Amino acid sequence: MIEVELRGWRPDDAPVLIRAFGSPDMAQQAARPIDTPQAALEWMGTWGFRDDAQAFAVVLDGQVVGNVAVSNIDAHANGWVSYWTTPQARGRGVAVAAARKLAEWAFRERGLFRLELGHRLNNPASCAVATRAGFLTEGIERAKLSYGGVRYDVERHARLATD
């Protein structure tokens with residue numbers, strides 16, 4: 001298993017975010033374009049002021065190569081997991097290692113019991129990450145997401161503190 005570090009986002013990470021969100025497959029993953037240093041700082045800031053969320057930069061060999069986060073933490077000790085990696089880090093187990101480390105942190109430090117995540121059915125790489133990180137498949141949510149006017153089914157996964 002590859003070893004990654006999770007740390008908070010820093011202002012000097014802005015160029016990494018701009019490059020990452022410049023990738024066509026990532027452009028739709030943010031509410032607004034992340035194409036300037038100011039936009040990158042605002043993206044980081046949205047994570048920094050939430051009581052119901054925590055995002056971490058994923059660091060491999062001293063370089064930021066992705067993001068892993070838990071959000072929508074609720075009164076039932078549930079949270080929603082998300083992750084992404086830069087194109088050059090994909091296929092190396094980085095997202096799996098980051099998702100596992102995030103789950104350990106969320107269960108231990110935040111006291112969460114259930115972590116959920118979802119991916120479009122046309123994203124088998126994300127499914128592989130979820131499965132390898134210990135998130136069990138729970139079912140299909142039909143037509144849950146809409147991108148560019150097209151509806152996508154989502155497969156939901158979950159991991160419990162007791163798994």
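All values below come from the heavy atoms of this structure, side chains included, with hydrogens, waters and symmetry mates left out. What you see is a predicted model; the values in this text were computed from it and never measured. The chain is numbered in sequence order, starting from 1.
- Residues meeting the salt bridge (charged side-chain N to carboxylate O under 4.0 Å, His left out) test with Arg114, sequence neighbours left out: Glu116, Glu138.
- In this structure, Trp80 shares a hydrophobic cluster with no other residue, the cluster being traced through Ile, Leu, Val, Met, Phe, Trp and Tyr side chains under 4.5 angstrom apart.
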Side-chain donor-acceptor pairs of residues 41-48 under 3.5 Å, sequence neighbours excluded:
residue : atom : partner : partner atom : Å
Glu42   : OE1  : Arg32   : NH2          : 3.4
Glu42   : OE2  : Gln38   : NE2          : 3.2
Thr46   : OG1  : Trp43   : O            : 2.7

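- A distance of 9.0 Å separates CD in Gln88 from CD in Gln63, rounded to the nearest 0.5 Å.
- The NZ atom of Lys144 sits 11.5 Å away from atom CG of Asp153, with the distance rounded to the nearest 0.5 Å.
- Residue pairs meeting the side-chain hydrogen bond (donor to acceptor under 3.5 Å, both in side chains) criterion with at least one member in residues 118-127, sequence neighbours excluded: Tyr83-Ser126, His119-Glu155, His119-His157, Arg120-Asn122.
- Here the shortest heavy-atom pairing between Ala57 and Val64 reads CB-CG1, 4.1 Å.
- Applying the salt bridge (charged side-chain N to carboxylate O under 4.0 Å, His left out) criterion to Arg151, with sequence neighbours excluded, gives no partner residue.
- If you chain together hydrophobic residues whose side chains sit under 4.5 Å apart, Leu115 and Val4 fall into the same group.
- With sequence neighbours left out, the salt bridge (charged side-chain N to carboxylate O under 4.0 Å, His left out) criterion links Asp25 to Arg90.
- Atom CD1 of Ile2 is separated from atom CG of Leu60 by 4.5 Å, given to the nearest 0.5 angstrom.
- Residues satisfying the salt bridge (charged side-chain N to carboxylate O under 4.0 Å, His left out) criterion with Asp52, sequence neighbours excluded, are Arg50.
- Nearest heavy-atom pair, Thr162 versus Phe113, reported as atom, atom and distance to 0.1 Å: CG2-CE1, 3.8 Å.
- Scanning both residues, Ala98 and Val58, for their nearest heavy atoms gives CB-CG2, 3.7 Å.
- Using a 4.5 Å cut-off between side-chain heavy atoms of Ile, Leu, Val, Met, Phe, Trp and Tyr, with links allowed through other members, Leu17 and Phe56 fall into different hydrophobic clusters.
- Distance check, rounded to the nearest 0.5 Å: CD of Gln29 to CH2 of Trp84 gives 10.5 Å.
- Rounded to the nearest 0.5 Å, atoms CD1 (Ile18) and CG (Asp13) are 11.0 Å apart.
- Applying the ring pair (Phe, Tyr, Trp, His ring centres under 6.0 Å) test to residues at least two apart or on different chains, none of the pairs has a partner in residues 121-154.
- In this structure, Ala27 has no side-chain contact (heavy atoms from CB on, under 4.5 Å) partners at least two apart in sequence or on a different chain.
- Note that CG of Leu121 is 4.5 Å distant from CD1 of Ile140, once rounded to the nearest 0.5 Å.
- Counting only residues at least two apart or on different chains, no salt bridge (charged side-chain N to carboxylate O under 4.0 Å, His left out) pair has a member in residues 54-70.
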Extract all donor-acceptor atom pairs below 3.5 Å that involve side chains of residues 65-74 and protein atoms in other chains or at least two apart in sequence.
residue : atom : partner : partner atom : Å
Asn67   : OD1  : Trp9    : NE1          : 2.8
Asp74   : OD1  : His76   : N            : 2.9
Asp74   : OD1  : Ala77   : N            : 3.3
Asp74   : OD1  : Asn78   : N            : 3.0
Asp74   : OD2  : Asn78   : ND2          : 3.4

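- Here side-chain hydrogen bond (donor to acceptor under 3.5 Å, both in side chains) pairs that include residues 92-112, with residues two or more places apart or in two chains, are Glu3-Lys101.
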